Amino acid sequence: MNWTDERVEKLKRLWSEGLSASQIAAQLGGVSRNAVIGKVHRLNLPGRAKAGGTVATSRPAPKRPAAAPRPASYAAPARAATSRPAPTRSSGALAFKEDMDIDTVEPMEYLRSSNNVVIPISRRLTLTELTERTCKWPVGDPLKDDFHFCGCEASEASPYCKFHAKMAYQPVSERRKA
């Protein structure tokens, strides 16, 4: 099917009336919806008018209500202000550890379990020292020099020792509570 001048004029008229590409394709006959869309783009026609004959206009998005104020008892976490400006990078540049501003996380206090759980003493293995029979539980911050793995003896069915397996694999009933 060729786009004759009269078919193009009919396409422009139907498009300005607000008909969809599918409806225009059905009225023209012999063309698909995608062919109509392609021709509209090649002709640089403006956005389709609404069905009522008015031109489509963008409405401003309704404003969201302001967030509820925090209670006075809420203490915002203190953050250390850095005097160093953000590094400038060229397009495609890699971020290095020195360039990145990393927010530090305050250490959490662990609550003692009511059970008498014996925490194993870590063997402090590095990644290259791990075997199939050692616990692969990471300990510490991977970006720090003192990062290591637990290294205690692990069962054949788990990558972790008994203590860390209890932390990693919680029973279904406990998971649903959290």
Side-chain angles (χ1 to χ4, degrees), residues 20-22 25 32-38 40-41 47-48 50-51 56-178:
S20 69
S22 300
S32 68
R33 169 186 165 273
N34 286 338
V36 170
I37 293 170
V40 165
H41 284 289
R48 186 167 56 94
K50 295 210 173 181
T57 59
S58 62
R59 291 186 224 165
K63 292 187 178 183
R64 295 188 323 184
R70 293 186 174 161
S73 61
Y74 176 79
R79 294 185 183 232
T82 58
S83 59
R84 181 174 66 172
T88 57
R89 294 187 184 99
S90 61
S91 177
L94 299 175
F96 293 104
K97 182 179 174 183
E98 298 84 38
D99 294 342
M100 295 175 24
D101 289 331
I102 300 173
D103 291 335
T104 57
V105 178
E106 294 179 24
M108 292 177 52
E109 291 184 32
Y110 290 101
L111 299 176
R112 296 201 89 157
S113 174
S114 60
N115 303 342
N116 290 332
V117 178
V118 177
I119 301 174
I121 298 175
S122 172
R123 290 182 49 205
R124 302 180 64 90
L125 298 181
T126 63
L127 182 65
T128 57
E129 296 171 325
L130 293 175
T131 66
E132 293 177 3
R133 299 292 308 228
T134 56
C135 178
K136 293 157 188 72
W137 188 268
V139 178
D141 183 0
L143 298 176
K144 304 281 184 189
D145 291 334
D146 63 346
F147 177 74
H148 60 277
F149 293 90
C150 171
C152 291
E153 186 175 341
S155 67
E156 290 183 26
S158 174
Y160 307 119
C161 63
K162 288 181 182 180
F163 176 76
H164 288 125
K166 286 181 183 178
M167 291 173 57
Y169 307 115
Q170 297 177 2
V172 176
S173 60
E174 289 182 26
R175 260 188 279 154
R176 289 192 179 140
K177 290 177 187 175

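As the structure is a prediction and not an experimental result, all values here were calculated from the model.
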Exercise. For Cys135 and Tyr160, work out which heavy atoms get closest and say how close.
Key: SG-CA, 3.7 Å

Exercise. Please round to the nearest 0.5 Å and tell me the distance separating atom CH2 of Trp137 and atom CE of Met167.
Key: 4.5 Å

Quiz item: Quick one: side-chain contact (heavy atoms from CB on, under 4.5 Å) partners of Ala154, sequence neighbours excluded?
Solution: none

Quiz item: Partners of Leu127 by side-chain contact (heavy atoms from CB on, under 4.5 Å), sequence neighbours excluded?
Solution: Leu130, Phe149

Quiz prompt | Straight-line distance of Cys161 SG to Lys166 NZ, nearest 0.5 Å | solution = 10.0 Å

Quiz item: Just how far is it from atom OG of Ser158 to atom OH of Tyr169, taken to the nearest 0.5 Å?
Solution: 4.5 Å

Quiz item: Has Lys162 got more than 12 heavy atoms of other residues, nucleotides or ligands less than 6.0 Å from its NZ?
Solution: no

Practice problem: Output all residues satisfying salt bridge (Lys or Arg N to Asp or Glu O under 4.0 Å) with Glu153, sequence neighbours left out; order by chain, then residue number. | Solution: Arg133

Practice problem: With sequence neighbours excluded, tell me which residues meet side chain to side chain donor-acceptor pair (under 3.5 Å) with Ser20. | Solution: Gln23

Quiz item: Can you name the residues that form a side chain to side chain donor-acceptor pair (under 3.5 Å) with Thr126, not counting sequence neighbours?
Solution: Thr128, Glu129

Self-check item: With sequence neighbours excluded, residues passing side-chain contact (heavy atoms from CB on, under 4.5 Å) with Asp146
Solution: Arg124, Lys144

Quiz item: Nearest heavy-atom pair of Gly151 and Leu125: which atoms, and what distance?
Solution: CA-CD1, 3.5 Å

